[in-house]
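Since the model is a prediction, treat every value here as computed from it, not as a measurement.
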2 protein chains.
Amino acid sequence: MQITLRDIARKSGFSVTTVSRALAGYQDVNEQTRQHIIEVANILGYQPNLLARGLRSQRTQTLGLIIPTYDAGFPNEFFNQFLLGVGDTAWRNHYDLLVSAQVPGEEEMAAYRRMVKGLRVDGMILARTRKNDPRMPYLQSQGHPFVVNGRNAPDEPSDFPYVDVDSRMGIRAATAHFIALGHEHIGLVLPPPEIAYTGYRLQGYQDALREARLPLRDEYILYGDLQRSGGYQAGLALLSRYPQISAIVACNDLMAFGVMAAIQERGLEVGSDVAVSGFDDLPAAEYAMPPLTTVRQPIYEIGQRLVEMLIGIIVGKPPEETQIVLPSRLIVRASSGFNGRR
Amino acid sequence: MQITLRDIARKSGFSVTTVSRALAGYQDVNEQTRQHIIEVANILGYQPNLLARGLRSQRTQTLGLIIPTYDAGFPNEFFNQFLLGVGDTAWRNHYDLLVSAQVPGEEEMAAYRRMVKGLRVDGMILARTRKNDPRMPYLQSQGHPFVVNGRNAPDEPSDFPYVDVDSRMGIRAATAHFIALGHEHIGLVLPPPEIAYTGYRLQGYQDALREARLPLRDEYILYGDLQRSGGYQAGLALLSRYPQISAIVACNDLMAFGVMAAIQERGLEVGSDVAVSGFDDLPAAEYAMPPLTTVRQPIYEIGQRLVEMLIGIIVGKPPEETQIVLPSRLIVRASSGFNGRR
DNA sequence: ATAGTAACCCGAAACGTTTCGGATGTCAAG
DNA sequence: CTTGACATCCGAAACGTTTCGGGTTACTAT
């Protein structure tokens, strides 16, 4: 059934050891011998048994990724792009990807244990850190290589390798953009409080208000669920309670779309009546009606850098920089009313 | 470092064999012994080494999925949902998922060989079949379990297990819907010709025209790339060449969004001036402006059924029905002008 | 002739699990 | 007292690979 090293050994007249070493590129095998063995291997259609190899060498050439999901709201476009960056880079470096999607909680930790202690993966990629996240301490206690997309919350130390985007600067830029356009009553739709980056985004909002000496009004700040529907509800709530609000900063694009829907639902016009901004710059942001002003984060690149960092750690050559904060950039489009008739 | 059966054996005073059998639930071990062994295993934090288990038992409890991608245009929302259905169901059945994304071609086949002959996976899930698809014959020749999302093209036999949606009926319903609204010049934006389901969608379009005794005009039929941009280009081309066209059937939602953009770009109104329909019913379809009339396919369910079917095949209990065509359903929204002022 | 060296090769053990084919002990029936 | 049946348990082999620690040969320098 399966072609093994033994088959090649028998057919080529060499030992299993030599066949193994020839195929692995060791220098202590005659070049002619190697060619012959390679030829036989090709004829037989040999493919190494990766389980056996992994068992023996304690290396699986596989990375693990557990996508955090909430109820039905699964991998949205963000994780799409993330998965692409991670998957591409892993493949280019000859690593496979073991993927699971788990709701945070006990089962999620079981999935981590299974991957890590089942020796299935050489390293793990974590995403969407939460407050008091149990995953990093666990992996640290196991001494298992891992990298994280996102830091811990501002008030917790982040003593692990990560790649994050500068949310604080991003939201600050978006808020400042609205202030520059003359808005004084600016709503904020935050991610759920348990998400680690929520703190940074709030800071950015506060920064911008402080700089402009505008009062910080807590009642203008609502939490959403990162989905479109959460943005919609928050948007409706803000608009009905505080009609003076003329701009809303949403902390991701999906919620921004919901906010836009809420605005339109109330018979107002996005951009001219109420300005909106998002965060992520998903492809859909550009095509929304009106196109969404948003903070772009390089999602693909984040995945890519994470994998490179992780592989470096696995092979014992960690990059000198293992805590990276990438810049974010404000992309101004019509939803902020910049080109509107304000 | 790692806790093995030997450790449990030493600590509990039983043999490795008995420990293994106790944990595996065999009946020839004393219940009291079993409890004791389980307890020791828990105290030690035992997690089976899945590589060793797989090597010995020739089962990995892992399914393989290679997402077909074109250039940068990666897993779009469709594969998101698909991945969710597949991932959820796999997890519920205690299977892991090995994922890769490959551009069709030589490298793609290498990825398949690697997964299959490297003995990493117990079965494979294929998606987006193409004409003359080399993957199914390969897997058949290897006698490796697999299931497919989608059939072969209408003119090729499909002698493998699959779950597909009834594209033909879906497009036929969409086209007939336009005809019923009085449209006589209806454009069609097809997927690339090498995709297997393109033939079925074309048939559906032809069916509807034939039924209504409307002439089939080949020049109304264009091919897109399944992306938004392809729909945009096709839409512009149709509208500029044939101003009499008053409705366009796009073969997926992404292309339909592009067509809508093209219509608006030309100063026309979607729905009233030119009606549009899509296929898939992505979440974004409902929120588009105007909301998109489209053919819904149960993407999550397809993934779910595929995994159930595949696991059945793996464990030797294939379901009686291994070639499933699920119904599709037309969802009428504003983009077809049904509620418009036509 | 001998020792040393380089080039090439190989046997055997090990990774952690499952499973085959018994082995042992106990007890009831004959 | 023997036999058989049953309930428990276990030794050893096997899955396919890598790697450690050599071994053999042929050549070079003494």
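For the 3.5 Å distance criterion, the side chains of B/Ser20 and B/Thr17 fail to qualify, holding no donor opposite an acceptor. A donor-acceptor contact closer than 3.5 angstrom links the side chains of A/Thr62 and B/Arg120. Counted by atom type alone, B/Glu31 and B/Gln35 present one or more donor-acceptor pairs between their side chains at under 3.5 Å. A/Asp88 and A/Tyr300 are linked by a side-chain donor-acceptor pair at a separation below 3.5 angstrom, with hydrogens and angles left out of the test.
Atoms CG (A/Leu5) and C1' (D/dT18) sit 9 Å apart, rounded to a whole Å. To the nearest angstrom, C1' of D/dT17 lies 11 Å from CD of A/Gln2. Rounded to an integer number of Å, the gap from A/Arg34 CZ to C/dA7 P is 14 Å. Protein atom CZ of B/Arg6 is 9 Å distant from nucleotide atom P of C/dG16, rounded to whole Å. Atom-to-atom, CZ of B/Arg59 to C1' of C/dG16 comes out at 19 Å; the value is rounded to the nearest Å. As a whole-Å value, the separation of B/Ile8 CD1 from C/dG16 P is 13 Å. Taking atom CG on B/Asp7 and atom P on C/dC15, their separation rounds to 11 Å, with Å as the unit. When rounded to the nearest whole Å, the span between CD of A/Gln27 and P of D/dT19 equals 15 Å.
When the options B/Glu108, B/Glu156, B/Glu194 are evaluated for a salt bridge (Lys or Arg N to Asp or Glu O under 4.0 Å) with B/Arg130, the one that passes is B/Glu108.
B/Gln142 places no side-chain N or O within donor-acceptor distance of the main-chain N or O of B/Val116, the cut-off being under 3.5 Å.
Distances shown here put every side-chain N or O of A/Thr18 at or beyond 4.0 Å from the OP1 or OP2 atom of C/dC9. B/Thr17 has no side-chain polar atom (N or O) that falls below the 4.0 Å cut-off from OP1 or OP2 of D/dC9. Remark: A/Thr33 is in phosphate contact with C/dC9, judged by side-chain N or O atoms under 4.0 Å from OP1 or OP2. Regarding contacts with the backbone of C/dT18, a side-chain N or O of B/Ser20 is found under 4.0 angstrom from either OP1 or OP2. In this model, the phosphate group of C/dT18 is not approached by any side-chain N or O of B/Tyr26 to a distance below 4.0 Å at OP1 or OP2.
Sorted by residue number, the members of residues 37-53 of chain B with any non-hydrogen atom under 4.0 Å from DNA chain C read B/Tyr46, B/Pro48, B/Asn49, B/Ala52, B/Arg53.
Relative orientation of the B/Phe14 and B/His36 rings is perpendicular, given thresholds of 30° and 60° on the angle between their planes.
The number of heavy atoms from other shown groups lying within 6.0 Å of NZ (A/Lys11) does not exceed 12. The number of heavy atoms from other shown groups lying within 6.0 Å of CD (B/Gln32) does not exceed 12.
Between the side chain of A/Asp28 and the base of C/dC9 there is at least one donor-acceptor pair of N/O atoms closer than 3.5 Å.
Checked against D/dT8, C/dG16, C/dA13, the side chain of A/Arg56 finds its nearest nucleotide in C/dA13.
For the helix from C/dA1-D/dT30 to C/dG30-D/dC1, the rotation axes defined at the first and last 5 base pairs enclose an angle of 70°, given to the nearest 10°.
Rounding to the nearest 0.5 angstrom, the gap separating the CD1 atom in A/Ile38 from the CG atom in A/Leu23 is 6.0 Å.
Across the interface with DNA chain D, nearest-nucleotide mapping of B/Val16 and A/Ser57 shows B/Val16 to be the residue nearer the 5′ end.
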